[in-house]
Protein chains: 4
Amino acid sequence: MNGTMGGTKRQRRGDTRQRIQDVALELFAEQGYEKTSLREIAEHLDVTKAALYYHFKTKEEILVSIFEDLTRPMDELIEWGKAQPHNLETKQEVLRRYSEALTGAAPLFRFMQENQATMRELSIGHQFKDRMMQMRDIIRDPDASLTDQVRCISALFTMHAGMFVLQDVESDPEDKRKAVLEVAVDLVTQAHTGARAS
Amino acid sequence: MNGTMGGTKRQRRGDTRQRIQDVALELFAEQGYEKTSLREIAEHLDVTKAALYYHFKTKEEILVSIFEDLTRPMDELIEWGKAQPHNLETKQEVLRRYSEALTGAAPLFRFMQENQATMRELSIGHQFKDRMMQMRDIIRDPDASLTDQVRCISALFTMHAGMFVLQDVESDPEDKRKAVLEVAVDLVTQAHTGARAS
Amino acid sequence: MNGTMGGTKRQRRGDTRQRIQDVALELFAEQGYEKTSLREIAEHLDVTKAALYYHFKTKEEILVSIFEDLTRPMDELIEWGKAQPHNLETKQEVLRRYSEALTGAAPLFRFMQENQATMRELSIGHQFKDRMMQMRDIIRDPDASLTDQVRCISALFTMHAGMFVLQDVESDPEDKRKAVLEVAVDLVTQAHTGARAS
Amino acid sequence: MNGTMGGTKRQRRGDTRQRIQDVALELFAEQGYEKTSLREIAEHLDVTKAALYYHFKTKEEILVSIFEDLTRPMDELIEWGKAQPHNLETKQEVLRRYSEALTGAAPLFRFMQENQATMRELSIGHQFKDRMMQMRDIIRDPDASLTDQVRCISALFTMHAGMFVLQDVESDPEDKRKAVLEVAVDLVTQAHTGARAS
DNA sequence: AATGAATGAGGATTCATTCAT
DNA sequence: TATGAATGAATCCTCATTCAT
């Protein structure tokens, strides 16, 4: 019943590892990590479950590998942000760059957004939380008013959530991204010039 | 594991249903819906799994019942909001009331925030999405600029996320709530007086 | 939700036991003994499972009680048949009476016909098999040819199966019964006058 | 219970699927479908329940696969019978061939005979009923008297039941088979030359 | 005459994982 | 570079039965 595979295979070669990551991320984002079984992933790829274990040691490792590949731009951004002076321009530029980084890794961020409970229990959960904290510390001023700190954090959240929440508003995706970015920049700007706000 | 039950039983009666809901929500919020097994819930309550099935037909029904009990205030708020004129004062008042409603159902909202992927596949997922859409339509103006619409949606998200994200910022919870509310009200106010912003 | 029972109850009295038997037989015949749960029976009667246990000690006892009530005519027939001379007339008369007895207990026989595997494991299985053997010994002649013995047994089986197998043949039930009886009587008659048949 | 596996393992290879079918049919026929658990089947084979699921998607699929494998001769017989002229010789020959087909699949037919209630609720129930109807339509004449139609159906039933009912009559199985066949052929012959019977 | 609450045993099914080939 | 076959542990859920009230 298998063994002949009448022709629909072919054209792949050493790209299986990559294909596993692609399909896995797609399914993880769509259904959640726990609800997505290795059987399902394997079936989508037309290979056996055991084949997945040739490429990855565990289910979690699949997710970790995706995470590592896709969050590198974010790491570099943080690195860069820390090296800059902590002024408003830097913060604005960080948000701008972050907006682009998010666009490139949208499905992964959608996954993380929607599977926070799962993330918390996985090793990458901590990694990610750390990164978020570092981002926050670049953006916010720990001596500012509570309100202004909320503004900064809200800016980050707005960007994360922004991509998915405007789903049913019909507009050009690029326009949406810009609108989201504008609101985030505004929030940070207000926080910076703030104080008198309260 | 049984046989000893160190004395803390007794004195309950018709409260089992309620106790199931309490423990379930706690665990669902902590570990996620899928990762929380009925065995675990039962053990926390010192009853058998089968006892859960006396009170609820399925695992999902436990969640649904919690949801129905805890989101009633939100329903009433939406009802009220729709009946008011669509002006800035109304919107601000809705946010104020919403902030209080959220405080009362914090664990449930934390659960929903962190288990969106799961929610999407559950019957209440749709219910909740509907409610959020209605909230959004009370808050935003569909003819406003994209940016201002983002502001409104961001206001809602800020309130949802706000309570959990300030976790490691040491402050009085009530102060945090007020800070979050203030930022949300600001966003909506800017969106309302906005236009020139774009 | 219960406790008020808005009026659809009433008009029963001490007949619950009987009603349990009726509903149980109906469901047993329709779905089989194993697939019919006490919950289902209770729901059909609008009582609790526990109520069934007031009237019967076990699930099996419900079936046994039905069986005992409905097979009394058959017992009496066997008693009578044994006391008669073992000639053709007796056999024919036994079949005639048996046909009527079957009509009165049709659902039970349908149940037994379709749940033989279950019956075998239940206490009444043996009882029933005994009775069938006695019937067989009234009808057949142990010294007759194998073929003639098959004729007699076939006569009995024809009567058992007859009622249900003609389901999709459209005819008056009483006509069917007579046709079935006629074939059975023929078979026994042939067996009796037989020998030369082979 | 594991750990020793007294030596009788090994030497199997691709035959597990077949062995599952064999054991399953044996147990289904002996105890009924519902009363036979997958645990039981697995234990008889000295494998885990999960192993069964490698070979079959569900419990029902095990039964279906047995059914499909064992009823093929019957299908072919129906095919053949339909293509022949509808005369007495054909009918007799069909019965003769049917008798042999039944012998080859005796345990399955015993199972079906004794688990009709279960069969009705399973997908194969319909399939089988269809086949029986086709057999009936080859054997009987729809314009004959009701009595003669009963004779034909009785012929089929006699063959089905025949094998199991003569259990306690001590004789060579092949002799029994012939006796049963003879009675069935007789019934059909009478039905054919019948008319004057009514 | 019946209920509400619970239990213990067991059901089918799914999962991540392993390993010899 | 993969597969075929299997496992062990866990899942949700259902059942017959019990008992205090």
Side-chain angles (χ1 to χ4, degrees), chain A residues 1-3 5 12-14 16-17 34-42 45-62, chain B residues 2 12-17 34-42 45-62, chain C residues 2-3 12-17 34-42 45-62, chain D residues 2 9 12-17 34-42 45-62:
Chain A
M1 189 167 275
N2 242 325
M5 55 134 144
R12 311 151 187 172
R13 200 68 54 91
T16 305
R17 195 189 143 93
E34 338 264 356
K35 291 264 290 185
T36 303
S37 70
L38 294 187
R39 177 176 56 65
E40 217 173 347
I41 296 175
L45 289 164
D46 205 22
V47 291
T48 23
K49 266 182 294 173
L52 306 183
Y53 279 89
Y54 178 81
H55 294 281
F56 300 95
K57 266 211 286 287
T58 66
K59 185 185 181 187
E60 189 173 345
E61 222 208 61
I62 299 180
Chain B
N2 242 325
R12 313 158 187 161
R13 198 65 54 101
D15 62 339
T16 305
R17 196 188 142 94
E34 338 264 354
K35 290 266 288 185
T36 303
S37 70
L38 294 187
R39 178 181 52 69
E40 217 172 345
I41 297 176
L45 290 165
D46 203 22
V47 291
T48 35
K49 272 178 289 169
L52 306 184
Y53 280 93
Y54 176 76
H55 294 280
F56 300 94
K57 268 210 282 288
T58 64
K59 184 184 179 185
E60 189 173 345
E61 222 210 60
I62 298 180
Chain C
N2 241 327
R12 312 153 187 166
R13 201 67 55 91
D15 60 341
T16 306
R17 195 189 144 93
E34 337 265 355
K35 290 263 291 184
T36 303
S37 70
L38 295 188
R39 177 176 55 66
E40 218 172 345
I41 297 176
L45 290 165
D46 205 22
V47 291
T48 22
K49 267 182 296 173
L52 305 183
Y53 280 90
Y54 178 81
H55 294 281
F56 300 95
K57 264 211 287 287
T58 65
K59 183 185 182 186
E60 188 172 347
E61 223 208 60
I62 298 179
Chain D
N2 240 327
K9 225 176 189 176
R12 313 156 187 162
R13 197 65 53 100
D15 61 340
T16 305
R17 196 189 142 94
E34 339 263 355
K35 289 265 289 185
T36 303
S37 70
L38 294 187
R39 178 181 53 68
E40 217 173 346
I41 297 176
L45 289 165
D46 203 23
V47 291
T48 34
K49 271 179 291 170
L52 306 183
Y53 280 91
Y54 176 76
H55 295 280
F56 300 94
K57 267 207 284 286
T58 64
K59 184 185 180 185
E60 188 173 346
E61 222 209 59
I62 298 180

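Reminder, nothing fancy here: chain letters follow the sequence lines and each chain counts from 1. Source: prediction; values computed, not measured.
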Return the value, rounded to whole Å, for the distance between atom [atom1] of [X] and atom [atom2] of [N].
{"X": "A/L45", "N": "F/dT1", "atom1": "CG", "atom2": "P", "value": "15 Å"}
{"X": "B/I41", "N": "F/dA10", "atom1": "CD1", "atom2": "P", "value": "17 Å"}
{"X": "A/D46", "N": "F/dT1", "atom1": "CG", "atom2": "C1'", "value": "15 Å"}
{"X": "C/D15", "N": "E/dA2", "atom1": "CG", "atom2": "C1'", "value": "14 Å"}

Would you indicate, yes or no, if [N] has its OP1 or OP2 atom less than 4.0 angstrom from a side-chain nitrogen or oxygen of [X]?
{"X": "D/Y54", "N": "F/dA6", "value": "no"}
{"X": "A/T16", "N": "F/dA2", "value": "yes"}
{"X": "B/H55", "N": "E/dG4", "value": "no"}

For [X], check side-chain contact (heavy atoms from CB on, under 4.5 Å) against everything at least two apart and list the hits.
{"X": "B/T36", "answer": "B/L27, B/F28, B/Q31, B/E40, B/I41"}
{"X": "C/K49", "answer": "C/L38, C/R39, C/A42"}
{"X": "D/E60", "answer": "D/Y33, D/T58, D/V64, D/L122, D/S123"}

Margin query: What does the B/S/- profile of nucleotides 13-18 of chain E look like, 5' to 3', with a 4.0 Å heavy-atom cutoff to protein?
Written below: BBBBBB
Check: Taking only Watson-Crick and G-U wobble pairs with both distances under 3.5 Å, what dot-bracket line describes DNA chain F, where [ ] shows pairs that cross earlier ones and | shows pairs with another strand?
Finding: .||||||||||||||||||||
Item checked: Partner set under salt bridge (charged side-chain N to carboxylate O under 4.0 Å, His left out) for D/K35, not counting sequence neighbours -> C/E121
Note to self: Let me confirm one number: the CD-NE2 distance from A/E61 to A/H55, rounded to the nearest 0.5 Å.
What the structure shows: 12.0 Å
Item checked: Listed nucleotide nearest any side-chain atom of B/T48, set E/dA2, E/dG8, F/dA2 -> E/dG8
Item checked: Close side-chain approach of B/L52 and B/L45, heavy atoms under 4.5 Å -> yes
